[in-house]
Amino acid sequence: MPPLVSRLLKVSAAVITTRALWRRARRSDFAGRTVVISGGSRGLGLEMARCFGRAGAHLALLARDEAELQRAQEELSSLDIDVLPLRCDVRNELDVENSIERVIEWQGRIDVLVNNAGVIQVGPLENMDRKDFETAMDTHLWGPFHLISRVIPQMKRQGQGRIVNIASIGGKVAVPHLLPYSMSKFALVGLSDGTRSELAKYGIRVTTVCPGLMRTGSHVNAEFKGHHQAEFALFSLSNALPLFSINAARAARQIVDACRHGDSFLMISRQARMLHLMNALFPNLTADLFKVVGSVLPRSMESKDSKTGWESRSRLAPHWATQLADRATQRNNEKVPRQREQRTRDAQRSGLAD
C-alpha cells in the first residue's frame with residue numbers, strides 16, 4: 001500500500017475513533033428528566049413521547065386539541081409514563097409562557113425541549129394566500145422561537161439542556177406544492193443552526209433534524225388546496241410507499257438518540273440524504289427536475305378553499321397502496337374529529353362534497 005494512502009487511512013481511523021469517543025462522552029440519560037414536546041399529542045410527536053417515556057422521562061405534551069391530548073395521556077399513562085398534558089397553541093406567546101410556567105411548577109426544571117408542532121399546506125402556489133404563509137411561519141418559526149426564548153433562562157440556570165428542532169428536508173430543498181411549508185422550514189433551520197452556536201457556551205446543545213417523508217399518519221390532517229382529491233391522493237401515496245418514506249417509530253428513535261448524544265444535525269432517510277446531496281452538488285439539475293415535477297402536478301383552480309385530508313378522500317385514496325400510512329393514522333392518534341366526520345358525511349349525502 002502506498003505510504004500516502006496508508007497515512008490517510010490512519011488519520012481517517014483516528015478521526016472516526018475520536019468522534020465516536022466524544023459522542024459517547026456527551027451521552028445523556030433521560031431517566032428522571034423533564035421533556036417538553038410541542039405537537040406531542042399525535043404523529044411524530046407521540047412517537048417521540050413513547051421513546052422518551054420508555055427511557056424514564058417525565059413528559060409535558062403541548063397541543064391545541066384537548067381530546068387528542070387526553071387520548072395521548074391515557075395511552076402513555078397506561079405504560080406507566082409520567083405525563084402532563086397542556087393545551088397550548090405555540091403561535092400564541094401567552095399560551096407558551098403559561099405552559100412553560102406550569103411545567104416548571106410541576107417538575108422544577110426543563111431538560112429537553114422538542115419543537116415538533118407543525119402544519120402542512122399542500123397545493124399550487126396560485127391557490128395559496130398570505131394567510132397560508134403566515135400560519136406556516138407562525139407555527140414553524142415563531143412557535144419554536146417562543147418556546148426557546150422561554151426555556152433558555154431555565155436551562156442556563158441548570159448549566160445544561162437539549163433543544164431539538166424538527167425541520168424537514170423541505171427546509172433544505174424547496175419542494176413543489178409545499179411552498180409555505182418549505183419557506184417556514186428553511187427559516188426554522190436558520191433559527192436552529194444559529195441558536196446552536198450561541199447557546200453552546202451555556203451547556204445547551206441544539207439539534208437540527210431534517211427528516212424526509214415519514215409514515216406518521218399526519219396526511220389525513222394536512223390541508224389541501226386546488227384539486228383537493230388529487231393532491232391528497234398523491235401526498236398519501238408518497239407518504240405511504242417505503243420507496244419514498246420511512247417508518248415514523250424508526251425516525252423517532254433516531255431523533256431521540258441524536259438528542260441523547262447532543263448531535264448538531266440529523267437527516268433522516270436515505271432518500272432525503274440523496275436529495276440533499278444532489279441539490280448541493282448539482283443545484284441546476286435539481287432545479288430542472290423540480291420544474292418537470294411541478295409541470296405534471298395538479299394545476300391550480302379558481303377557488304382557494306382549503307380542505308383537510310379527511311375531507312379530500314375519494315376513490316383515489318385511501319387505497320391499498322396507502323395502507324402503511326393509513327395504519328399510522330390509528331397508531332398515532334391522527335383520528336378525525338366526530339363533528340368533522342359528520343359534516344363530511346352530510347355534505348356527501350347532499351351532493352356538496354367534491
Problem set entry | CD1 on I148 to CG on L199, rounded to 0.5 Å | 8.0 Å

For this session: Provide the closest heavy-atom pair for H227 versus S300 in the form atom of the first, atom of the second, distance.
Result: NE2-O, 4.4 Å

Exercise. If you measure from the Lys or Arg side-chain nitrogens to the Asp or Glu carboxylate oxygens, is any gap between D129 and K131 under 4.0 Å?
Worked result: no

Problem set entry | side chain to side chain contact (heavy atoms under 4.5 Å, CB included) between N98 and L94, intermediate numbers included | CA-CA 6 Å; N98 292 335; L94 183 59; 3.8 Å; yes

Exercise. Is N239 close to L324 at the side-chain level, that is, under 4.5 Å between some pair of heavy atoms?
Worked result: no

Exercise. Is there a donor-acceptor pair closer than 3.5 Å between any side-chain N or O of D111 and the backbone N or O of R33?
Worked result: no

For this session: Could you check if a side-chain atom of I37 sits within less than 4.5 angstrom of a side-chain atom of L62, using non-hydrogen atoms only?
Result: no

For this session: Determine the minimum heavy-atom distance between A72 and L46, stating which atoms define it.
Result: CB-CD1, 4.1 Å

Exercise. Between K304 (side chain) and G226 (backbone), is there a donor-acceptor pair under 3.5 Å?
Worked result: no

For this session: Verify ring-ring contact (aromatic ring centres under 6.0 Å, His included) between H177 and F235, making sure each step is shown before the conclusion.
Result: CA-CA 10 Å; H177 283 217; F235 191 75; over 10 Å; no

For this session: Could you give me the CA-CA distance, side-chain angles and deciding distance for H58 and D82, then say whether side-chain hydrogen bond (donor to acceptor under 3.5 Å, both in side chains) is met?
Result: CA-CA 5 Å; H58 305 288; D82 195 17; 2.8 Å; yes

Exercise. So, does H261 use its side chain to make a donor-acceptor pair with the main chain of D257 at under 3.5 Å?
Worked result: yes

Exercise. Between V119 and A136, what is the shortest heavy-atom contact and its length?
Worked result: CG2-CA, 4.0 Å

For this session: Nearest 0.5 Å please: distance from the CG atom of L76 over to the CZ atom of R54.
Result: 9.5 Å

Problem set entry | Sidechain-backbone polar pair: S295 side chain, V292 backbone, donor-acceptor under 3.5 Å | yes

For this session: Find out whether C259 and V114 are in side-chain contact, i.e. whether some heavy atom of one side chain is under 4.5 Å from a heavy atom of the other.
Result: no

Problem set entry | Spatial distance of atom CD1 (I120) from atom OG (S168) [nearest 0.5 Å] | 8.0 Å

For this session: Evaluate the side-chain proximity of S264 to T207: yes if any heavy-atom separation is below 4.5 Å, no if none is.
Result: no

Exercise. Can you check side chain to side chain contact (heavy atoms under 4.5 Å, CB included) on L84 and L59, steps first, answer last?
Worked result: CA-CA 6 Å; L84 174 66; L59 302 180; over 6 Å; no

For this session: Start with the C-alpha gap between H140 and S184, add the side-chain angles, then the distance that decides, and say whether side-chain hydrogen bond (donor to acceptor under 3.5 Å, both in side chains) holds.
Result: CA-CA 6 Å; H140 299 147; S184 57; 2.7 Å; yes

For this session: Determine yes or no for a side-chain-to-main-chain donor-acceptor pair under 3.5 angstrom, with S182 supplying the side chain and G170 the backbone.
Result: yes

For this session: Please determine, by modelled atom types, if E311 and T308 share a side-chain donor-acceptor pair under 3.5 angstrom.
Result: yes

For this session: Indicate if V175 and L237 have the same hydrophobic cluster label, given that clusters are the connected sets of ILVMFWY residues with side-chain heavy-atom separations under 4.5 angstrom.
Result: no

Problem set entry | Donor on one side chain, acceptor on other, D193 and T208, under 3.5 Å | yes

For this session: Please tell me if the side chains of L191 and T195 come closer than 4.5 Å, counting only heavy atoms from C-beta onward.
Result: yes

Exercise. Are R87 and D95 within salt-bridge range, i.e. N to O under 4.0 Å?
Worked result: yes

Problem set entry | Pairwise distance OG(S269) to CD1(I169) - rounded to 0.5 angstrom | 7.5 Å

Exercise. For residues S28 and R260, is any side-chain donor paired with an opposing acceptor at under 3.5 Å?
Worked result: no

Exercise. Which value, rounded to the nearest 0.5 Å, describes the distance between N127 atom CG and S303 atom OG?
Worked result: 7.5 Å

Exercise. Side-chain donor-acceptor pair under 3.5 Å between T329 and E334, yes or no?
Worked result: no

Exercise. Do L188 and L179 belong to the same hydrophobic cluster, where Ile, Leu, Val, Met, Phe, Trp and Tyr are linked whenever their side-chain heavy atoms lie under 4.5 Å apart, directly or via other members?
Worked result: yes

Problem set entry | Candidates R253, R250, R331 - the one meeting side-chain hydrogen bond (donor to acceptor under 3.5 Å, both in side chains) with E47 | R331

Exercise. Is K307 positioned over the aromatic face of F224, cation under 6.0 angstrom from the ring centre and no more than 45 degrees off axis?
Worked result: no

Problem set entry | Pair N165-R196, side-chain donor/acceptor within less than 3.5 Å | no

Problem set entry | Pair E66-Q70, side-chain hydrogen bond (donor to acceptor under 3.5 Å, both in side chains): steps then yes or no | CA-CA 6 Å; E66 292 184 357; Q70 182 178 353; over 6 Å; no

Exercise. Looking just at side-chain N and O atoms, do E223 and S306 make a donor-acceptor pair shorter than 3.5 Å?
Worked result: yes

Exercise. Got a donor-acceptor contact below 3.5 angstrom from the N116 side chain to the G39 backbone?
Worked result: yes

Problem set entry | Sub-4.5 Å side-chain heavy-atom contact between L234 and P298 | yes

Problem set entry | side chain to side chain contact (heavy atoms under 4.5 Å, CB included) evaluation trace for C210 with K172 | CA-CA 8 Å; C210 289; K172 291 287 190 178; 4.0 Å; yes

Exercise. Does D132 come within less than 4.0 Å of K225, counting only side-chain N to carboxylate O?
Worked result: yes

For this session: Verify the distance criterion only: is there a donor paired with an acceptor across the side chains of D326 and H219 at less than 3.5 Å?
Result: yes

Problem set entry | Least distance between heavy atoms, R215 atom then A240 atom | CD-O, 3.4 Å

Exercise. Is there a path from L147 to V164 through hydrophobic residues (I, L, V, M, F, W, Y) whose side chains come within less than 4.5 Å of each other?
Worked result: no

For this session: Specify whether F265 and H276 have parallel, tilted or perpendicular ring planes, treating 30° as the upper limit for parallel and 60° as the lower limit for perpendicular.
Result: tilted

Exercise. Do M48 and I268 sit in the same hydrophobic cluster, where Ile, Leu, Val, Met, Phe, Trp and Tyr count as joined when their side-chain heavy atoms come under 4.5 Å apart?
Worked result: yes

Exercise. Between E101 and R150, does at least one N-O distance fall below 4.0 Å, as a salt bridge requires?
Worked result: no

Exercise. Is there a donor-acceptor contact under 3.5 Å from the side chain of R162 to the main chain of V206?
Worked result: no

Exercise. Within a strict 4.5 Å, meaning less than it, do heavy atoms of the V90 and W142 side chains meet?
Worked result: no

Problem set entry | L277 side, atom CG; F282 side, atom CZ - distance, nearest 0.5 Å | 8.0 Å

Exercise. Will you find, in the side chains of R71 and N333, an N or O donor that is under 3.5 Å from an N or O acceptor?
Worked result: yes

Problem set entry | Sub-4.5 Å side-chain heavy-atom contact between E75 and R50 | yes

Problem set entry | Atom of Q154, atom of G108 and distance for their closest heavy-atom approach | NE2-O, 3.3 Å

Exercise. Linking I/L/V/M/F/W/Y whenever their side-chain heavy atoms sit closer than 4.5 Å, directly or via other members, would F186 and L125 fall into one cluster?
Worked result: no

Problem set entry | Short side-chain to backbone donor-acceptor contact, N115 and I166, under 3.5 Å | no

Exercise. Counting only N and O atoms by type, is there a donor-acceptor contact under 3.5 Å from the side chain of T139 to the main-chain atoms of G118?
Worked result: no

Exercise. Ignoring hydrogens and geometry, is there a side-chain-to-backbone donor-acceptor pair from Q271 to L243 under 3.5 Å?
Worked result: yes

For this session: Begin from the C-alpha positions of V151 and I100 and carry the test side chain to side chain contact (heavy atoms under 4.5 Å, CB included) through to its verdict.
Result: CA-CA 7 Å; V151 302; I100 295 303; 3.9 Å; yes

